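Shown next, in structure tokens, is the structure this report addresses.
Predicted model, so just to flag it, every value in this text is computed and none were measured.
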Amino acid sequence: MEGGVHKPDASAFSECLSLSHKNPYVLRLAFSAGIGGLLFGYDTGVISGALLYIRDDFKDVDRKVWLQEAVVSTAIAGAIIGAAIGGWINDKYGRKIAIMLADALFLLGSVVMAAAPSSAILIVGRVFVGLGVGMASMASPLYISEASPTKVRGALVSLNSFLITGGQFLSYLINLAFTKAPGTWRWMLGVAAAPAIVQLLLMFFLPESPRWLYRKGKQDEAIDTLYKIYQEKHLVDAEVQSLKESVEMEEKEAAAAEKVSIMKMLKTTTVRRALYAGVGLQIFQQFTGINTVMYYSPTIVQLAGFASNRTAMLLSLITSGLNAFGSILSIYFVDKTGRKKLALISLCGVVLSLALLTATFRQTETHSPLISALDTSNFGSNNTCSALSKSANPAASDCMACLNVDCGFCASTSKLSPGACLIANDMTKKQCQTDHRAWYTRGCPSNFGWLALIGLALYIIFFSPGMGTVPWVVNSEIYPLRYRGICGGIASTTVWVSNLIVSQSFLSLTKAIGTAWTFMLFGIVAVIGIFYVAIVVPETKGVPIEEVETMLEERALHFRFWEKKKTAPQK
């Protein structure tokens, strides 16, 4: 899934690099906590490749699309709960405890999944991992933010976002490494236990967040930690004073927030308009299909006509690597280009990419190789697909018709020539591959599979720096201070729930209406998103936080977003 991005400037990166010799302690804090982001990315990405082999071992998963979706999406359901519980644990017991608890859940979930004797136990393990993901998604960036010097805070917190996408890329590499190992998917899912153990040990010897310590009345411990972070007395004194003022302000806000009701909040014009913009962006971020690409990338590659599991995972490295690269580009472009302009450019590119994917998969579906009755009979009557023989016109059937009735297609040595439609089991698969022929159960042979890869690559190139980042940035800026906590919670919940709906329905949609029309639906959502962003979302680039509320109150539609906003005259 896509994480929040914080915006360092160039000087922050220079300062961050100098820490390696000036004060490595700070980098130790950031990298130790950042392993949570790495685990977050790894456990959300690894399932895409592991699922290919889980289907081979657990036949109920292979036969039932809803079970495949459940293996993926139960982790997301766990993340919704983990994020909700994690907020309370962060405040009650501290950031350090929350991270360590997330590690324990990662460790438990990895062991359960690696040893799972059935799909049901595997799903239980995914729930544990999801709980860890939800907690880590909140605790890791919060700990880094509160334990970093002011000058490099943005750069160090952005490290967590980069490690999330880096963890997804690593998961694809690990998947590829274990394709020929005994146990395949068990190693893929179980290896996450290693970084969880490493972080658990590292965090045990690190201090709690100084901000949390100060809020809990442990000022001496907080100051001791601040000396290790800042090293100079005047900097520590300034930070303590700032911390004192911030805590006092939070206490005042907390007292005021007790009087705030949901209905009163929704009746406030600026809050309601801010929620339209912020929550709407999060919905369009998910419903344009980003996490279906990340969770099901190897499956999509197979649907494009690449039969081999290993080849599918190797080609999926492209999307994962581009996603990690895009998270770096976003740090530069989000302030230089502007939020609204970047989101609109991103959505326009996504529409074009999805149009290419739709056309490519439609071509594959309508021009799949025919079925040869003679070739099929060579494998014996017991291996013939009986479901296809009962169809309305079996003589004119093709590969797609064969796969639609849950059988397998044994391609000819010339892949686009007529092939055999057989029962999908290990014996017929082995017989087919013994003749040096490709075995297809997810997609059909095609000359246009490379176009699907280009479409996926373009999709990530356009999505990641724009819609992968802008919704998080806008949500961090747009809400009035008094309502920022509750509105941010609404936006975060929207992300996880939307993510769950899309990931749980993707394979069912491809089964019901075809891959081409599924991508077309995502494209239609992206087109609607263009108009939504142009009309509803304000441009917050260069606007001080305190002026955002005034801008929302005026609600002037600024369609000419490419022009620089004129500074209002002083009253």
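Looking at D60 and R55, no side-chain N of the basic residue comes within less than 4.0 Å of a carboxylate O on the acidic one, giving no salt bridge.
Judged purely by atom type and a 3.5 angstrom limit, E208 uses its side chain to pair as donor or acceptor with the backbone of K96. At distances below 3.5 Å, at least one donor-acceptor pair connects side-chain atoms of Q199 with backbone N or O atoms of A33.
Scored by the side chain to side chain contact (heavy atoms under 4.5 Å, CB included) test, L108 finds V112, F128 as partners (sequence neighbours excluded). Here E69 pairs with S508 under the side chain to side chain donor-acceptor pair (under 3.5 Å) rule; sequence neighbours left out.
Taking the six-membered ring where the residue is Trp, Y459 and F463 present parallel rings, their angle staying beneath 30° rather than reaching 60°. Ring geometry for F361 against F519 counts as parallel: the plane angle stays under 30°, on a 0 to 90° scale with 60° as the upper cut.
In summary, of the residues considered (C399, P445, S368), a side-chain contact (heavy atoms from CB on, under 4.5 Å) with L416 occurs for P445 alone.
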Can you list the steps and then say if D406 with K64 is a salt bridge (charged side-chain N to carboxylate O under 4.0 Å, His left out)?
CA-CA 10 Å; D406 297 322; K64 300 173 183 176; over 6 Å; no
Would K430 and W439 satisfy side-chain contact (heavy atoms from CB on, under 4.5 Å), going step by step from the backbone distance to the final call?
CA-CA 9 Å; K430 187 175 181 180; W439 175 252; over 6 Å; no
Go through the steps to decide whether L403 and C444 satisfy the test side-chain contact (heavy atoms from CB on, under 4.5 Å), and finish with yes or no.
CA-CA 8 Å; L403 302 191; C444 292; 3.7 Å; yes
For residues 184-198, run the donor-acceptor check on the side chains, cut-off 3.5 Å, and write out each pair with its distance to 0.1 Å, sequence neighbours left out.
from: W185; atom 1: NE1; to: D57; atom 2: OD2; distance (Å): 2.8
from: R186; atom 1: NH1; to: A114; atom 2: O; distance (Å): 3.0
from: R186; atom 1: NH1; to: A116; atom 2: O; distance (Å): 2.7
from: R186; atom 1: NH2; to: A116; atom 2: O; distance (Å): 3.0
from: W187; atom 1: NE1; to: P182; atom 2: O; distance (Å): 3.0

